[in-house]
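Notes to accompany the following structure.
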Amino acid sequence: MATELNRRGHLHRRHHYLLALLFVFLWVVVVGFTSFSFVRERSYKVQYINNSLQQLNRTIARDYRSGGVPDDIFAENTTYYPSLRLTLLTTDGEVIYDSHPRAGHTNHAERPEIVAAMADGDGYTVRRMSESTAEEYFYSAHCDETLVVRTALPYTAYLQRSLRLNHSFVWYVLAVTLLISALGVVAYRRIRRDEAEIELQHERALFEQSEKIRIKRQLTNNINHELKTPLCAVKVCLETLINNPEMDPQHRKEFLEKSFSHTERLNKLLQDVSTITRMDEAPEMIPLSPLSLRAVIEEVVDDLPQSDDRMPLRIHTDLPEGDQLMMEGNGEALKSLFRNLIDNAMAYSGGRDIYIMVVAPATQSADRAYMVRFEDNGIGVDPDHLGAIFDRFYRVDSGRSRRMGGTGLGLSIVRNAVVLHGGEIVASNRAEGGLRFDFTLQVAQSFAQANMQ
Ligand code: ADP
């Protein structure tokens, strides 16, 4: 059991690790993908601005080469770009013209966008503080054989906004990922719950199995014990007869009758044990077929001797009029049920009347069952013993039970027969004296319709 618990604990931990790993993987993928999309989006926007400025650079270079005055060229382009800054440079980085009034004319050969333009023809810097004007700009520079044209846009709130990334996308991805994670947790919890349920069922099955083994062992011990008494008695009788060949016929007859009654008891015990074992071990092997509960009860009652030596009995039946009380059951098991109850009432109750009442189910629900009440008007059973009378070999008064030929298995057989028919049984003492059994017997689906009509 301990190793089984360890194994399960280990399995649970492994499941937790797997789930955690899955989540880490999911979040790494999502964060990676989002970052990648961000970089691409930003790069696209930067390229877009740069391309526009580079186009402008080329136009300005052409205009300048065809004799245009820088101030005029600059003035023309401010229509589209009001805050544009234009710088014209030689290919050595010397400033020829700068539209910014405060700009100095230091050599710009070291400015990153100029370095890039000189190397590749085009270059840009997204955000750089101008050394000349102390303002931040987005620079784009174009360099040909004789001239470097650099245009710049101030890095204002507007440009900043243009380059800002689309955050709604992040929120969307985040929300979807959170939703997936939450669904994952819910699904995992549900799986764990189902697993726990299966484990519980498994444990229950194990417990039932071990209980069965325990009960079987107990039954075997009890049977041994129960068999010993009549066997010993028969042995003693036979020994006495063998050792006393001269015994007078009257005593001989008594010993033989004693032996016979003990063998009868043995026979009854073996029969009861066989019945109970069959019901316990292989209830599915007990055939169920359509039968009339009314016929079963009437047959058991009719088979009883009209007047018993020990106690003349009156049996009162109260069955629904004109109803055959059809059900799917096992005739022998049901007869044994009623016979045992009647035998007990005759043996122990001390009363004179037995009442058998059957109530047919009123509805056509799936769990339809006949409700049966069996009562006697005898002494009942001490409440301290009431809960145990269905146990195997349980007797309230062992001596009396044995004298009456009881095996201690009668009520166990009764309970097993009820369970075999999908029912439950309870015993209680009647307020007016006597014992009462209330039990149910399931009606099979196929007969319900016919019975209801
Ligand atoms: P047994 O073989 O001894 O009859 P049962 O399982 O049939 O075993 O009954 C268990 C005990 O319940 C009996 O020993 C008896 O003391 C008590 N008992 C059963 N039925 C009645 C009854 N109708 N009235 C009083 N006592 C009863």
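Indexing begins at 1, ligand by ligand and atom by atom, following the structure's order.
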(request) Return yes when Asn340 approaches ligand 1 closer than 4.0 angstrom through a heavy atom, no otherwise. (result) no
(request) Quick one: look at Val396 and ligand 1, take heavy-atom pairs under 4.0 Å, and tell me if it's side chain, backbone, both or neither. (result) both
(request) Output the list of atoms in ligand 1 that are nearer than 4.0 Å to some heavy atom of Val381, sorted by atom number. (result) 25 (C), 26 (N), 27 (C)
(message) Counting only nitrogen or oxygen atoms and a 3.5 angstrom limit, does Phe437 reach ligand 1?
(response) no
(message) Below a 4.0 angstrom heavy-atom separation, can you tell me which part of Tyr394, side chain or backbone, both or neither, approaches ligand 1?
(response) backbone
(request) Please determine, by modelled atom types, if Asn57 and Gln54 share a side-chain donor-acceptor pair under 3.5 angstrom. (result) yes
(request) May I ask you to list the atoms of ligand 1 that are less than 4.0 angstrom from any heavy atom of Arg395? (result) 3 (O), 14 (O)
Under 3.5 Å, which donor-acceptor pairs do the side chains of residues 20-28 form with other protein atoms, sequence neighbours left out?
residue: Trp27; atom: NE1; partner: Ser181; partner atom: OG; Å: 3.4

(message) Looking at Arg392 and Asp272, is any side-chain nitrogen of the basic one under 4.0 Å from a carboxylate oxygen of the acidic one?
(response) no
(request) Check each heavy atom of Leu435 against ligand 1 and say whether those closer than 4.0 Å belong to the side chain, the backbone, both or neither. (result) side chain
(request) Enumerate the atoms of ligand 1 whose separation from the nearest heavy atom of Thr407 is less than 4.0 angstrom. (result) 2 (O)
(request) Run the salt-bridge test on Glu257 and Lys253 with the 4.0 Å N-O cut-off and return the result as yes or no. (result) yes
(request) Output yes when Asp194 and Arg190 qualify as a salt bridge under the 4.0 Å nitrogen-oxygen rule, no when they do not. (result) no
(message) Below 4.0 Å from ligand 1: does a non-hydrogen atom of Gly408 turn up there or not?
(response) yes
(message) I'd like to check which ligand 1 atoms, numbered from 1 as shown, lie under 4.0 Å from a non-hydrogen atom of Ser349.
(response) 24 (N)
(request) Compare all side-chain heavy atoms of Glu113 with those of Asn50 and state whether any distance is below 4.5 angstrom. (result) no
(request) Would you mind listing which atoms of ligand 1 come within a distance below 4.0 Å of any non-hydrogen atom of Ala345? (result) 23 (N)
(message) Side chains of His385 and Asp382: any donor to acceptor distance under 3.5 Å?
(response) no
(request) Could you tell me whether ligand 1 has any atom less than 4.0 Å away from a heavy atom of Ala347? (result) no
(message) Looking at Tyr139, I'd like to know if the NZ or CZ of Arg111 sits under 6.0 Å from its six-membered ring centre while staying within 45 degrees of the ring's axis.
(response) no
(request) Could you tell me which atoms of ligand 1, counted from 1 in the order shown, lie closer than 4.0 angstrom to a heavy atom of Gly380? (result) 25 (C)
(request) Please determine if Lys212 and Glu208 form a salt bridge, counting it only when a charged side-chain N lies under 4.0 Å from a carboxylate O. (result) no
